[in-house]
Trainee: 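One structure, as structure tokens, below. Some questions next.
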Amino acid sequence: MSSPPPCPACASTLTYEDGLGNYVCPECAHEWPIKAEAATEEAVRVWRDAAGKLLQDGDAVTVIKDLKLKGGGGVVKQGTRVKNIRLVDGDHDIDCKIDGFGAMSLKSEFVRKI
């Protein structure tokens, strides 16, 4: 008989099957599915601009609408070009540096690929 895998949260070896298709850790109460291959399938994230074009790291984009900056920093005007973007996960999709403003995060829905 094979022993269940250690807990992915706390690495405890005292895990057991609960009979409902899950492993359970009695030390930290973490539960995870027995069929780990179905749960660990990574969905490939795809970023698209306002026009639906695929975005990649290093692309150059143009801002399609005036964007007010939080903290009273001014406004990024429509038509501002941004070079060498970096795509990230989170509430904002793009990390970049804009001349005159510095480092900032943008949402992909407000840019168009050049």
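Note that this is a predicted model, so its numbers are computed, not measured.
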Trainee: Given the rule that I, L, V, M, F, W and Y join up when any side-chain heavy atoms are under 4.5 Å apart, are Ile98 and Leu67 in one cluster?
Mentor: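 Same hydrophobic cluster.
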Trainee: Pair Leu87, Leu55 - check side chain to side chain contact (heavy atoms under 4.5 Å, CB included), show working.
Mentor: CA-CA 8 Å; Leu87 302 171; Leu55 293 172; 4.2 Å; yes
Trainee: So do the side chains of Pro6 and Ser12 get within less than 4.5 Å of each other, counting heavy atoms only?
Mentor: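 They are not in side-chain contact.
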Trainee: Given side chains that start at C-beta, do those of Val61 and Arg112 come closer than 4.5 Å, heavy atoms only?
Mentor: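 A side-chain contact is absent here, since even the closest heavy-atom pair is not under 4.5 Å.
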Trainee: Do Tyr23 and Glu31 make a side-chain contact, defined as non-hydrogen atoms from C-beta onward lying under 4.5 Å apart?
Mentor: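 Side-chain contact under 4.5 Å: no.
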Trainee: Do side-chain atoms of Asp18 reach the backbone of Val24 as a donor and acceptor pair under 3.5 angstrom?
Mentor: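 Flag not set: sc Asp18 to bb Val24 has no pair under 3.5 Å.
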Trainee: Closer than 3.5 angstrom, by distance alone: can the side chain of Thr15 be matched with the main-chain N or O of Pro5 as a donor-acceptor pair?
Mentor: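 Answer holds: yes.
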Trainee: Any chance you could measure Lys97, atom NZ, to Ile85, atom CD1, to the nearest 0.5 Å?
Mentor: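 One gets 15.0 Å once the value is rounded to the nearest 0.5 Å.
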Trainee: Measure the CH2-CG distance between Trp47 and Asp59 for me, rounded to the nearest 0.5 Å.
Mentor: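 Rounded to the nearest 0.5 Å, the CH2-CG separation comes out at 12.0 Å.
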Trainee: Quick check: do Cys7 and Trp32 have side-chain heavy atoms less than 4.5 Å from each other?
Mentor: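 In short, these two side chains touch, coming nearer than 4.5 Å.
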Trainee: What's the separation between atom NE2 in His30 and atom SG in Cys10, rounded to the nearest 0.5 Å?
Mentor: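 Here the interatomic distance stands at 8.5 Å.
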Trainee: Report yes or no: does Ser108 contribute a side-chain atom to a donor-acceptor pair with the main-chain N or O of Arg48 at less than 3.5 Å?
Mentor: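 At least one qualifying donor-acceptor pair exists.
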Trainee: Begin from the C-alpha positions of Asp89 and Arg45 and carry the test side chain to side chain contact (heavy atoms under 4.5 Å, CB included) through to its verdict.
Mentor: CA-CA 9 Å; Asp89 286 326; Arg45 175 88 193 264; 3.1 Å; yes
Trainee: Between Val88 and Asp93, is there a side-chain heavy-atom distance shorter than 4.5 Å?
Mentor: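 No - every pair of side-chain heavy atoms lies 4.5 Å or more apart.
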Trainee: With a 4.5 Å heavy-atom cut-off, do Gln78 and Ile64 have their side chains touching?
Mentor: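 They are not in side-chain contact.
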Trainee: Under the rule for side-chain hydrogen bond (donor to acceptor under 3.5 Å, both in side chains), what residues qualify as partners of Ser105, not counting sequence neighbours?
Mentor: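 Applying side-chain hydrogen bond (donor to acceptor under 3.5 Å, both in side chains) to Ser105 gives Asp95.
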Trainee: Within the 4.5 Å heavy-atom criterion, are Leu14 and Glu27 side-chain neighbours or not?
Mentor: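 SC-SC contact between Leu14 and Glu27 confirmed.
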Trainee: Donor-acceptor check, side chain of Asp49 to backbone of Lys113, threshold 3.5 angstrom: yes or no?
Mentor: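 Checked: pair present.
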Trainee: Rounded to the nearest 0.5 Å, how far apart are CG of Leu106 and CD of Glu109?
Mentor: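 The CG atom of Leu106 sits 10.5 Å away from the CD atom of Glu109.
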Trainee: According to a hydrophobic-cluster definition based on side-chain heavy atoms being under 4.5 Å apart (Ile, Leu, Val, Met, Phe, Trp, Tyr only), do Val75 and Ile94 belong together?
Mentor: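 Val75 does not cluster with Ile94.
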Trainee: Is it the case that one hydrophobic cluster holds both Val63 and Leu69, taking links as side-chain heavy atoms less than 4.5 Å apart, direct or via other members?
Mentor: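 Same cluster: Val63 reaches Leu69 through Ile, Leu, Val, Met, Phe, Trp or Tyr contacts under 4.5 Å.
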